[in-house]
Amino acid sequence: MRNLIIVFLLLSFSLGFSQNKTVEKPNGKQPPKVTPKKGQKAAFDQYRIITLQRDTTYVDTSLSIKKEYEYNYLRKDIFGLLPFANEGQTYTTLDYGLKNFAAFPEIGFSGKQYNYMGVKDIKYYSVATPLTELYFKTVMEQGQSLDALIALNTSERFNFSIAFKGLRSLGKYINQLSSTGNFRFTSSYNTLNKRYYLNFHFTGQDFLNGENGGITTIEDFESENPAYDNRARLQVYLTDASTFMKGKRVFFDHNFRINGTKGNNNLYLTHQFNYENKFFEYNQKTVLSTVGNDKVKRFGESYVSANINDQTHYNRMYNKVGAIYENALLGKFQFFAEDFRYNYYYNKTLILVSGIVPSSLNDNINTIGGQYDYRKNKWNGTFVYSNSVSNQSLSNFDAKLKYKLNDKNEFVFQYQMLNKIPDHIYNLYQSSYVDYNWYHNFKNEKINNLEATAKTQWLDASLQITSLNDHLYFSNEANDPQQQIISPKQYDKAINYLSVKVGREFKWWKLALDNTVLYQQVDQNDDVLNVPKIVTRNSLYFTNYFFKKALYLQTGFTLNYFTKFYINDYNPVTAESFVQNERKIGDFPMVDFFVNARIRQTRIFLKAEHFNSKMTGNNFYTAPNYPYRDFMIRFGLVWNFFQ
């Protein structure tokens with residue numbers, strides 16, 4: 001990892017120091033695809049970032065409150081997510097509306113998926129000149145976080161990019177190391193007559209985490225005894241346990257227009273291919289945990305007395321072929337067929353008193369469906385329906401309609417009705433721990449989700465209503481509070497979820513107050529889906545230019561807060577969160593002070609995180625035994641080069 005980072009830095013600086021261009025402020029116009037002549041300045045709209053769905057944005061070197069929110073390990077706004085104490089660990093979800101629903105089954109191990117870049121997370125580039133972006137940020141202890149990207153077009157028709165995100169952070173607590181890497185290679189190509197388009201990417205990702213299971217005695221943490229200000233003195237359940245996940249993916253999406261010249265009526269053939277393999281491993285050398293002077297079997301009885309090594313393998317192959325008829329007046333009509341094959345497996349079959357636990361799950365799922373896209377004037381709509389034609393019960397209906405009144409006002413409506421196959425970890429898991437071996441045949445989850453979003457010149461608002469049937473979750477079966485013996489469950493009653501989110505920024509003079517408030521309510525007979533009623537983020541900040549506008553400064557405070565609720569706990573053996581109804585957590589403010597600056601294409605960030613922690617007492621947690629982050633000062637930058 002270190003050598004790869006050095007290579008990126010050398011390449012970046014070799015491209016960067018000769019650059020003398022600036023990126024102008026976007027104006028929202030669709031740009032012509034023109035390569036600038038020698039000595040000519042390239043405009044902002046010649047540096048495009050394109051998603052798989054063909055949505056286009058531009059490289060933005062401005063500094064705004066949004067950039068402050070996105071300056072983190074995930075490189076996106078994490079409102080509704082509460083990070084664990086060390087960088088690169090898992091997150092607690094405060095906003096259930098962030099969950100995405102997919103009909104096909106996934107591997108599981110959801111605690112490892114927050115930083116795993118899926119197909120829709122990969123971006124493609126079209127740039128007039130070579131583009132380099134460097135992200136750097138300090139971490140908690142002994143390490144750094146870096147994300148480096150280089151993109152270039154060898155011609156107007158062929159682009160490729162190489163990127164690597166690496167992290168190493170020891171953390172403040174015992175056995176909390178994070179060491180991760182995300183490698184991405186992308187390529188885009190189209191023929192001269194624009195009949196054929198191709199997007200391709202390869203990803204190689206790995207995540208290693210020390211798993212300490214949380215602190216054993218919260219009394220020591222909450223006592224505010226100065227002896228425990230050094231968090232490494234706090235006793236933890238696991239001193240030599242770790243989890244490791246890695247994955248590789250090859251993906252391409254291409255289409256060919258049958259008619260030679262594009263006209264009012266066009267016919268396309270499309271194909272999408274995705275092959276991916278994943279591997280998850282849980283290691284624990286010492287089985288017994290020490291709590292005070294006692295020895296505790298944290299995860300119950302085990303088949304071995306030491307050196308637990310649980311391994312789960314998974315691979316899948318996805319093909320989607322289709323035909324599109326495009327009419328300039330009516331829109332696009334697509335008909336497609338999907339072939340999804342997976343193999344989720346262990347290296348043995350278990351014969352237990354409770355029954356047989358097989359070595360694998362594998363299947364071949366075939367679906368057919370259609371999609372209609374309509375884009376005309378102020379309306380933009382996509383409607384998709386697919387249904388299984390093989391033995392499995394699977395269906396998905398997804399409708400999205402957008403109305404853009406003008407540049408300042410936009411409304412989006414979305415409805416999804418899903419019949420989802422359970423993720424594999426619910427149906428099958430094997431471990432050296434006796435109670436962590438199961439085999440089930442759960443019903444499909446049924447999900448109805450309705451969303452309405454308004455982005456206006458006055459405020460941003462969204463409404464989400466979700467109905468869940470046959471909802472799958474994990475719960476703890478242990479009677480001893482020092483133990484975690486979790487198992488999957490399926491809730492046989494309906495769960496109804498409602499959320500309302502409102503955002504508004506007020507500006508006066510050089511001051512601004514940015515507010516985001518989320519309200520959530522769950523209607524259920526039992527406490528299965530637990531969320532805080534209120535989640536809020538408020539930023540008060542000052543901005544101004546200095547040194548003849550060479551420096552743009554942004555400084556202020558951000559308050560994050562959520563009300564008390566039965567927060568989910570975290571289980572490292574399965575890397576899954578599970579429902580607990582013993583202890584409520586929340587009602588503690590998290591205040592950050594930040595000073596950010598922009599000099600040309602460089603944005604510099606300095607933040608005093610959770611600086612009020614000493615004032616409010618040690619009552620801050622991300623899970624029942626996992627304290628939230630203490631006060632610390634971190635800094636870094638995001639630097640763009642345009643050759």
May I ask you to check whether [X] and [Y] show a side-chain donor-acceptor distance below 3.5 Å?
| X | Y | result |
| --- | --- | --- |
| Glu133 | Tyr135 | no |
| Thr367 | Ser386 | no |
| Asn364 | Tyr342 | no |
| Gln490 | Asp492 | no |
| Tyr415 | Asn448 | yes |
| Thr180 | Tyr73 | yes |

May I ask you to establish whether [X] and [Y] are in a cation-pi arrangement, using a distance under 6.0 Å from NZ or CZ to the six-membered ring centre and at most 45° from the ring axis?
| X | Y | result |
| --- | --- | --- |
| Lys320 | Phe336 | yes |
| Arg504 | Phe506 | yes |
| Arg629 | Phe84 | no |
| Lys278 | Tyr116 | yes |

Which heavy atom in [X] sits nearest to a heavy atom in [Y], and how many Å separate them?
| X | Y | result |
| --- | --- | --- |
| Asp77 | Glu70 | N-CG, 3.7 Å |
| Phe79 | Thr536 | CE1-C, 4.0 Å |
| Ser388 | Ile365 | OG-CG2, 4.4 Å |
| Pro422 | Pro105 | O-CB, 3.3 Å |
| Lys76 | Asn72 | O-ND2, 2.8 Å |
| Gly108 | Gln113 | O-NE2, 3.1 Å |

Are the side chains of Val250 and Lys248 in touch, meaning some heavy atoms are under 4.5 Å apart? no
Should Asn115 and Lys165 be marked as a side chain to side chain donor-acceptor pair (under 3.5 Å) after you check the CA-CA gap, both sets of side-chain angles, and the distance that decides it? CA-CA 10 Å; Asn115 186 47; Lys165 179 165 71 171; 2.8 Å; yes
Is [Y] paired with [X] through a side-chain N to carboxylate O contact shorter than 4.0 Å?
| X | Y | answer |
| --- | --- | --- |
| Asp60 | Lys67 | yes |
| Glu576 | Lys112 | no |
| Asp147 | Arg184 | yes |
| Lys489 | Glu477 | yes |
| Asp398 | Lys400 | no |

Donor-acceptor list for residues 91-104 side chains, cut-off 3.5 Å, not counting sequence neighbours:
{"residue": "Thr92", "atom": "OG1", "partner": "Thr622", "partner atom": "O", "Å": "2.7"}
{"residue": "Thr93", "atom": "OG1", "partner": "Tyr114", "partner atom": "OH", "Å": "3.0"}
{"residue": "Asp95", "atom": "OD1", "partner": "Gly97", "partner atom": "N", "Å": "2.9"}

Criterion side-chain contact (heavy atoms from CB on, under 4.5 Å) on Leu74 and Leu81, from CA distance to verdict: CA-CA 11 Å; Leu74 297 184; Leu81 294 178; 4.2 Å; yes
Would you sort out whether Ser539 and Tyr69 count as a side chain to side chain donor-acceptor pair (under 3.5 Å), showing the intermediate values? CA-CA 10 Å; Ser539 296; Tyr69 297 151; 2.8 Å; yes
Could you give the side-chain donor-acceptor pairs of residues 453-461 under 3.5 Å, partners two or more places apart or in another chain?
{"residue": "Thr456", "atom": "OG1", "partner": "Trp458", "partner atom": "N", "Å": "3.2"}
{"residue": "Thr456", "atom": "OG1", "partner": "Leu459", "partner atom": "N", "Å": "3.0"}
{"residue": "Thr456", "atom": "OG1", "partner": "Leu459", "partner atom": "O", "Å": "2.7"}
{"residue": "Gln457", "atom": "OE1", "partner": "Asn409", "partner atom": "ND2", "Å": "3.0"}

[X]: salt bridge (charged side-chain N to carboxylate O under 4.0 Å, His left out) partners, not counting sequence neighbours:
| X | result |
| --- | --- |
| Lys420 | Asp423 |
| Asp523 | none |
| Asp435 | none |

Gap between atom CD1 of Ile421 and atom CD of Gln392 - 0.5 Å precision: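 Answer rounded to 0.5 Å: 5.5 Å.
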Rounded to the nearest 0.5 Å, what's the gap from CD on Glu582 to CG on Asn476? Could you check?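 CG of Asn476 is found 8.5 Å from CD of Glu582.
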Are [X] and [Y] an aromatic pair by the rule of ring centers under 6.0 Å?
| X | Y | value |
| --- | --- | --- |
| His201 | Phe252 | no |
| Phe202 | Phe200 | no |
| His610 | Phe620 | yes |
| Tyr275 | Phe251 | no |

If the condition is side-chain hydrogen bond (donor to acceptor under 3.5 Å, both in side chains), which residues does Gln464 pass it with, not counting sequence neighbours?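 Checked Gln464 against side-chain hydrogen bond (donor to acceptor under 3.5 Å, both in side chains); matches are Asn449, Thr466.
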With sequence neighbours excluded, tell me which residues meet side-chain hydrogen bond (donor to acceptor under 3.5 Å, both in side chains) with Asn444. Asn419
Report the C-alpha separation of Asp527 and Val579 in whole Å, then their side-chain angles, then the decisive distance to 0.1 Å, and conclude whether the side-chain contact (heavy atoms from CB on, under 4.5 Å) test is met. CA-CA 8 Å; Asp527 291 329; Val579 175; 5.7 Å; no
Report the residues that fulfil side-chain contact (heavy atoms from CB on, under 4.5 Å) with [X], sequence neighbours left out, ordered by chain and then residue number.
| X | result |
| --- | --- |
| Asp55 | Thr51, Gln53, Arg375 |
| Asp526 | Tyr491, Lys493, Val528 |
| Tyr372 | Phe333, Tyr374, Phe383 |

I'd like to know whether Asn343 forms a side-chain contact (heavy atoms from CB on, under 4.5 Å) with Ser360, so could you lay out the CA-CA distance, the side-chain angles of the two residues, the decisive distance to 0.1 Å, and finally the verdict. CA-CA 7 Å; Asn343 188 20; Ser360 65; 4.1 Å; yes
Identify every side-chain donor-acceptor pair in residues 424-431 under 3.5 Å, counting partners at least two apart or on other chains, and give the distances.
{"residue": "Asn427", "atom": "OD1", "partner": "Phe442", "partner atom": "N", "Å": "3.1"}
{"residue": "Tyr429", "atom": "OH", "partner": "Val573", "partner atom": "O", "Å": "3.0"}
{"residue": "Gln430", "atom": "NE2", "partner": "Lys348", "partner atom": "O", "Å": "2.9"}
{"residue": "Gln430", "atom": "NE2", "partner": "Pro358", "partner atom": "O", "Å": "2.9"}
{"residue": "Ser431", "atom": "OG", "partner": "Asp310", "partner atom": "OD2", "Å": "2.6"}
{"residue": "Ser431", "atom": "OG", "partner": "Tyr433", "partner atom": "N", "Å": "3.0"}

Return a table of donor-acceptor pairs under 3.5 angstrom between the side chains of residues 562-570 and protein atoms on other chains or two or more places apart.
{"residue": "Thr563", "atom": "OG1", "partner": "Lys533", "partner atom": "N", "Å": "3.2"}
{"residue": "Thr563", "atom": "OG1", "partner": "Ile534", "partner atom": "N", "Å": "3.2"}

Would a distance-only check, ignoring hydrogens and angles, find a side-chain to backbone donor-acceptor pair under 3.5 Å from Ser178 to Glu87?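 It does hold such a pair.
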Could you check whether the rings of Tyr344 and Tyr346 sit parallel, tilted or perpendicular, using 30° and 60° as the cut-offs?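 Aromatic pair Tyr344/Tyr346 classed perpendicular.
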